[in-house]
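The structure under discussion appears below in the form of structure tokens.
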Amino acid sequence: MRKSRFTESQIVAILKEGEAGVALSELTRKHGISRPAYFNGQAKYGWGERLRAEADEGREVENAKNSGAAIKLARRFSALPTR
């Protein structure tokens with residue numbers, strides 16, 4: 001398998017430059033990479049982190065909603081008479 005020209009930290013740094021708003025054509029020219037190489041790196045390193053962060057945030061909100069519902073159900077069932 002071919003060795004990468006860039007380390008993972010270098011790829012992440014390039015992707016962060018892109019997220020900061022640097023034009024893609026300028027990034028590819030500056031670092032000597034192709035557009036497909038940029039998007040492959042983004043798929044492997046950049047997008048995954050952002051999506052995981054958004055998913056975690058969504059889960060926290062969902063868990064907060066569900067925990068409130070669980071408390072309401074527990075209160076409702078504890079108020080029922082037992083046989």
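Basis for what follows: all heavy atoms, side chains included, without hydrogens, waters or symmetry-related copies.
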Could you go through residues 31-38 and list every donor-acceptor pair under 3.5 Å that involves a side-chain atom there, pairing it with any protein atom two or more places apart or in another chain?
residue	atom	partner	partner atom	Å
His31	NE2	Glu17	OE2	3.2
Ser34	OG	Ala37	N	3.2

For Ser25, which residues count as a side-chain contact (heavy atoms from CB on, under 4.5 Å) partner, sequence neighbours excluded?
Ala23, Arg29

Once side-chain contact (heavy atoms from CB on, under 4.5 Å) is applied, do any residues pair with Gln10, and if so which ones, sequence neighbours excluded?
Phe6, Thr7

